[in-house]
Chemist: 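Just passing along the structure, written as structure tokens.
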Protein chains: 2
Amino acid sequence: MARLVVIGGDAAGMSAASQVRRMQPEREIIVFERGSHTSYAACGIPFYVAGLVEDVGKLIARTPEQFREKYRIQAMIRHEVLAIFPKEQRILVRDLEKNEERQEPYDELLIATGADPVRTGFDGEESTNVHLVSTLVHARGINQALSDGAIRHVAIVGGGYIGLEMAEAFLLRGLEVTMIHRGPELMATFDPDMGRHVSEALRQGGIDLHLHTALEGFTHENGKVSALLTSQGSIPTDMVILGIGVRPASRLAKEAGLSLGPKDSIRVNELQQTDHAHIWAAGDCAQSFHLVSRRPAYIALGTIANRQGRIAGINLGGGYATFPGVLGTSIAKFMETECARTGLNERELKQLGWQYVEAQISTKTLPRYYPGSTAMQVKVLAEKGSGKLLGVQIVGGPGSAKRIDTAAMALHAGLRLDEFIHADLSYAPPFSGVWDPLVIAARQAMKKV
Amino acid sequence: MARLVVIGGDAAGMSAASQVRRMQPEREIIVFERGSHTSYAACGIPFYVAGLVEDVGKLIARTPEQFREKYRIQAMIRHEVLAIFPKEQRILVRDLEKNEERQEPYDELLIATGADPVRTGFDGEESTNVHLVSTLVHARGINQALSDGAIRHVAIVGGGYIGLEMAEAFLLRGLEVTMIHRGPELMATFDPDMGRHVSEALRQGGIDLHLHTALEGFTHENGKVSALLTSQGSIPTDMVILGIGVRPASRLAKEAGLSLGPKDSIRVNELQQTDHAHIWAAGDCAQSFHLVSRRPAYIALGTIANRQGRIAGINLGGGYATFPGVLGTSIAKFMETECARTGLNERELKQLGWQYVEAQISTKTLPRYYPGSTAMQVKVLAEKGSGKLLGVQIVGGPGSAKRIDTAAMALHAGLRLDEFIHADLSYAPPFSGVWDPLVIAARQAMKKV
């Protein structure tokens with residue numbers, strides 16, 4: 001049977017490989033992975049740093065050995081793919097251990113190279129106390145640095161999901177934390193009027209937060225950074241965490257002549273096929289289709305990577321499946337404050353030129369008489385005229401953010417507000433007020449449609 | 001403007017009255033309420049008994065005085081309506097304080113009489129230590145009985161939502177608790193294979209649980225019950241709680257000649273109109289339309305009562321709104337075990353004669369490496385052939401049950417499994433595994449469609 005080669009042994013790549021194996025017990029499947037690990041939960045790294053996960057090994061879902069033995073998938077770690085030759089259906093691989101290069105043929109190729117963290121480009125970035133947060137090697141590096149007790153202060157650059165979770169992690173480790181963020185409020189995928197509730201939570205939690213603050217360089221000496229240089233002045237620190245986003249690892253694809261989409265992600269169709277025969281792509285290196293904007297989008301998230309990988313795997317395994325698209329649903333927490341969002345935000349709607357209405361409510365997670373009820377903010381965006389739901393954002397206490405899935409399902413089904421508000425949602429005092437907060441917000445928005 | 005009379009001053013009645021007032025500032029609105037309270041959270045009673053809510057007054061959303069002053073709604077408490085005369089558009093009311101009867105005219109009448117707890121009919125039921133759990137008077141009675149410290153053991157009859165919450169309440173108060181339940185497993189609105197996880201939780205929590213056990217009478221003397229007589233023998237106890245369900249308080253409607261629906265609930269159309277001109281009904285006394293079975297149904301829940309009341313209010317207030325129907329979504333917890341359900345269960349599907357597939361999975365609420373991850377059971381029911389989602393049941397640890405709303409929204413939108421599984425749901429380790437448990441269960445069910 002045709003030889004399947006997968007580049008990248010994490011979420012998308014191994015989801016696809018495992019799916020093919022389930023469908024084709026005899027298929028030859030080889031995975032080349034540049035790093036030392038397969039199929040690990042990068043999303044778990046902040047919780048390992050926090051000390052909530054004791055052993056970094058627990059973040060590994062399956063080792064290369066398990067893939068070989070249980071799935072008969074040849075998972076070749078420490079093998080970097082250097083080039084793809086589409087016409088010849090070959091790739092150039094370097095064995096990083098032996099320091100040898102060789103060519104490998106494929107009948108079908110899946111590119112699942114993921115995303116690379118964005119670098120600052122500033123002098124000093126390569127210092128030993130400047131850390132990224134995307135691989136288990138990074139995770140171990142951070143924890144090793146913390147273990148000798150010399151680190152008192154950490155500076156986090158970037159107030160997105162990673163920044164939020166790392167801020168919590170360092171607080172739990174008893175460190176002083178400064179965060180700088182370029183935007184007006186934390187969480188750039190939220191509207192600022194919702195993001196401000198997250199900013200407030202970090203401030204109240206003891207984070208020294210600098211908004212509207214851009215990184216402009218590092219003060220560094222002997223391979224160590226001693227201060228961030230920012231648009232608002234210098235910030236002395238013992239350790240720097242960079243969490244300023246990711247970009248698709250699409251260099252190989254680009255050099256092979258494959259078409260690229262938003263933010264240079266690899267262009268794919270609904271089957272996860274690129275525009276070259278026999279080359280597929282899935283995960284953080286590939287584009288998605290946004291179900292609300294009805295346009296290609298680039299959103300790097302573990303859920304999407306796994307789902308795209310599974311779709312690619314079904315098609316590569318002789319089945320048929322299409323990936324309908326994404327909503328950009330995401331969720332995070334900082335201590336007791338949770339936040340989640342789905343669909344489009346105001347900035348995205350303005351870019352599209354769509355007319356919309358919005359409503360924002362401040363309510364409680366539980367009935368006011370029930371202990372543990374906390375503040376909960378909900379924002380609903382809907383299309384002017386039609387009332388079609390376009391996006392929802394939530395910031396609130398424990399038990400608030402996961403409710404975003406209710407909104408995501410409504411967006412997935414393309415519901416209008418007048419349909420959404422009639423959904424029969426669950427109520428009991430330990431879980432919710434009798435009128436669901438999402439429904440209250442949707443009713444407010446309806447008045448403006 | 002036409003005189004609106006409302007019978008019943010709780011969820012449905014006061015939702016409707018308030019809605020009318022918002023739309024018609026000058027409308028004459030009179031509410032007759034048999035009890036001493038308006039608009040209270042009966043669902044909060046178990047948590048008051050548990051000691052989680054200190055003052056029973058906190059369960060009152062708005063007092064009659066607040067309705068009078070803020071809403072100019074004449075909320076007449078301790079007024080029992082004895083009869084409705086549809087032709088004359090009058091009702092017969094008794095002032096329970098003055099012990100006087102009088103007739104009152106209406107132009108429009110809303111019946112919102114709620115539901116009455118089911119009685120056993122056995123001798124001894126009226127004893128002072130046998131308690132129902134549906135009004136604030138009941139709530140105070142239970143807490144007064146507990147306050148003198150003589151009660152050591154409580155016997156709960158009925159293992160539904162009320163039974164579950166009361167069992168937790170008495171455990172938290174340090175009492176010994178026995179529960180008897182007629183069915184094979186607790187929670188009759190769940191399938192027994194899911195209900196058994198709830199039964200197990202109560203046993204592990206220290207409840208002396210007797211399944212397959214019917215109440216057959218009481219041992220009582222001098223107005224006090226000293227033991228339950230059951231199909232499995234006698235159970236000595238200091239206090240009895242009856243939680244064996246409710247039935248619609250539809251006697252007035254029936255005697256006035258109005259048509260009744262399932263379980264003698266008052267028949268209404270989508271506007272909440274009965275089959276008599278100028279008479280409306282909403283809440284626990286009225287029928288609902290079940291969105292999955294496409295048939296009338298009787299489901300007594302606070303959420304439905306509020307929503308039906310609001311719809312009736314919009315129509316009575318000169319607007320137009322229809323109540324699309326219900327899914328029977330409900331949720332409850334016992335200590336750390338949560339349960340929720342939506343749509344139809346196997347028993348209901350068999351009664352309809354529908355062919356269905358089912359899948360049940362046992363998974364975790366969070367990634368296995370994240371602290372606090374607990375067991376979570378999910379059951380999915382879908383139509384054979386079409387794959388249309390028909391029902392979902394969840395039993396699991398903290399953070400599991402509220403996810404039922406995601407399924408409820410999918411049912412509300414009429415999604416098939418192959419649509420459901422592609423929804424872009426939120427993921428981060430403190431909230432969920434990368435593959436959502438509902439999606440995993442739906443994928444299992446899809447294989448059988």
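Naming convention: chains lettered A, B, ... in sequence-line order (proteins, then strands); numbering from 1 in each chain.
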Chemist: Only pairs of heavy atoms separated by less than 4.5 Å count here; which of B/G433, B/G302, B/A332 has the most with chain A?
Modeler: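 The option with the most such pairs is B/A332.
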
Chemist: Where on B/E54 is there a heavy atom nearer than 4.5 Å to chain A: the side chain, the backbone, both, or neither?
Modeler: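 Answer is neither: B/E54 stays 4.5 Å or more from chain A.
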
Chemist: Is the backbone N or O of A/A297 less than 3.5 Å from a side-chain atom of A/Q287, with the two atoms forming a donor-acceptor pair by type?
Modeler: no

Chemist: Counting only heavy atoms closer than 4.5 Å, note whether A/Y48 contacts chain B via side chain, backbone, both or neither.
Modeler: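 Neither part.
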
Chemist: Measure A/R341 against the heavy atoms of chain B and call it side chain, backbone, both or neither at under 4.5 Å.
Modeler: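 Neither part; nothing is under 4.5 Å.
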
Chemist: Top residue by heavy-atom pair count (under 4.5 Å) with chain A, among B/V434, B/D55, B/V439?
Modeler: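 Highest number of pairs under 4.5 Å: B/V434.
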
Chemist: Could you tell me the separation between the CD1 atom of B/I314 and the CE atom of B/M23, rounded to the nearest 0.5 Å?
Modeler: 6.0 Å

Chemist: Determine whether a donor-acceptor pair (N or O, by modelled atom type, separation under 3.5 Å) exists between the side chain of B/Q308 and the backbone of B/G283.
Modeler: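 Yes; at least one donor-acceptor contact below 3.5 Å.
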
Chemist: Given heavy-atom pairs under 4.5 angstrom as the criterion, report whether the side chain, backbone, both or neither of B/I404 touches chain A.
Modeler: side chain

Chemist: Flag the one option from A/A408, A/A423, A/G325 with the top tally of heavy-atom pairs under 4.5 Å to chain B.
Modeler: A/A423

Chemist: Centroid separation under 6.0 Å, is that true for the rings of A/F47 and B/Y370?
Modeler: yes

Chemist: Could you check if a side-chain atom of A/H290 sits within less than 4.5 angstrom of a side-chain atom of A/L344, using non-hydrogen atoms only?
Modeler: yes

Chemist: Is there a donor-acceptor contact under 3.5 Å linking the side chains of B/S330 and A/Y427?
Modeler: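 Judged by distance alone, the side chains do not pair up.
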
Chemist: Is B/A61 in contact with chain A via its backbone, its side chain, both, or neither, using a 4.5 Å heavy-atom distance?
Modeler: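 Both parts, backbone and side chain.
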
Chemist: For A/M14, does its backbone N or O pair with a side-chain atom of A/S39 as donor and acceptor, under 3.5 Å?
Modeler: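 Flag not set: sc A/S39 to bb A/M14 has no pair under 3.5 Å.
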
Chemist: Any sub-3.5 Å donor-acceptor pair from A/K402's side-chain atoms to B/S426's backbone N or O?
Modeler: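 Here the side-chain-to-backbone pair exists.
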
Chemist: Are side-chain N/O atoms of B/T374 and B/K364 paired as donor and acceptor at under 3.5 Å?
Modeler: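 Per modelled atom types, B/T374 and B/K364 side chains form no pair under 3.5 Å.
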
Chemist: Knowing that exactly one of B/P429, B/P371, B/S373 qualifies, which makes a side chain to side chain contact (heavy atoms under 4.5 Å, CB included) with B/L366?
Modeler: B/S373

Chemist: Is B/I311 close to chain A through its backbone or its side chain, or both, or neither, when contacts mean heavy atoms under 4.5 Å?
Modeler: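 For B/I311, side-chain heavy atoms alone lie under 4.5 Å from chain A.
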
Chemist: What part of B/I304 gets closer than 4.5 Å to chain A, counting heavy atoms only: side chain, backbone, both or neither?
Modeler: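 Contact with chain A involves the side chain of B/I304 alone.
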
Chemist: How long is the gap from CG on A/L327 to CE on A/M409, to the nearest 0.5 Å?
Modeler: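 Taking CG in A/L327 and CE in A/M409, the distance rounds to 9.5 Å.
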
Chemist: Please determine, among A/N306, A/V53, A/T342, the option with the most heavy-atom pairs under 4.5 Å with chain B.
Modeler: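 Of the candidates given, the most pairs with chain B belong to A/N306.
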
Chemist: Does any heavy atom of chain A fall under 4.5 Å from the side chain of B/L425, the backbone, both, or neither of them?
Modeler: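 Both backbone and side chain of B/L425 come within 4.5 Å of chain A.
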
Chemist: Report the option among B/P398, B/A401, B/C43 that has the most heavy-atom pairs separated by less than 4.5 Å from atoms of chain A.
Modeler: B/C43

Chemist: Could you look at B/T322 and say if it's the side chain, the backbone, both or neither that has a heavy atom under 4.5 Å from chain A?
Modeler: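 Answer is backbone: N, CA, C or O of B/T322 sit under 4.5 Å from chain A.
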
Chemist: If you look at every heavy atom in A/A413 and B/L415, which pair is closest and at what distance?
Modeler: CB-CD2, 3.9 Å

Chemist: As an exercise: rank B/L411, B/T303, B/D405, B/V326 by heavy-atom pairs under 4.5 Å with chain A and give me the winner.
Modeler: B/D405

Chemist: Where on B/I60 is there a heavy atom nearer than 4.5 Å to chain A: the side chain, the backbone, both, or neither?
Modeler: backbone

Chemist: What residue, out of B/A11, B/G414, B/P46, B/A410, has the most heavy-atom pairs lying under 4.5 Å from chain A?
Modeler: B/A410

Chemist: Tell me whether A/Y40 contacts the main-chain N or O of A/K58 through its side chain, where contact means a donor paired with an acceptor under 3.5 Å.
Modeler: no

Chemist: Identify which part of B/A340 has an atom lying under 4.5 Å from any heavy atom of chain A, answering side chain, backbone, both or neither.
Modeler: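 For B/A340, there is no contact with chain A at all, as no heavy atom is under 4.5 Å.
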
Chemist: Using heavy-atom distances under 4.5 Å, tell me whether B/Y161 contacts chain A through its side chain, its backbone, both, or neither.
Modeler: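 When you check distances to chain A, no heavy atom of B/Y161 falls under 4.5 Å.
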
Chemist: With only heavy atoms counted, which part of B/D436 is less than 4.5 Å from chain A, the side chain, the backbone, both or neither?
Modeler: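 Only the side chain of B/D436 comes within 4.5 Å of chain A.
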
Chemist: Most heavy-atom pairs under 4.5 angstrom with chain A, which of B/P324, B/G399, B/S432?
Modeler: B/P324

Chemist: Between B/R403 and chain A, with a heavy-atom cut-off of 4.5 Å, which part of the residue counts as in contact: side chain, backbone, both or neither?
Modeler: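 Side chain of B/R403 only, per the 4.5 Å heavy-atom cut-off to chain A.
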
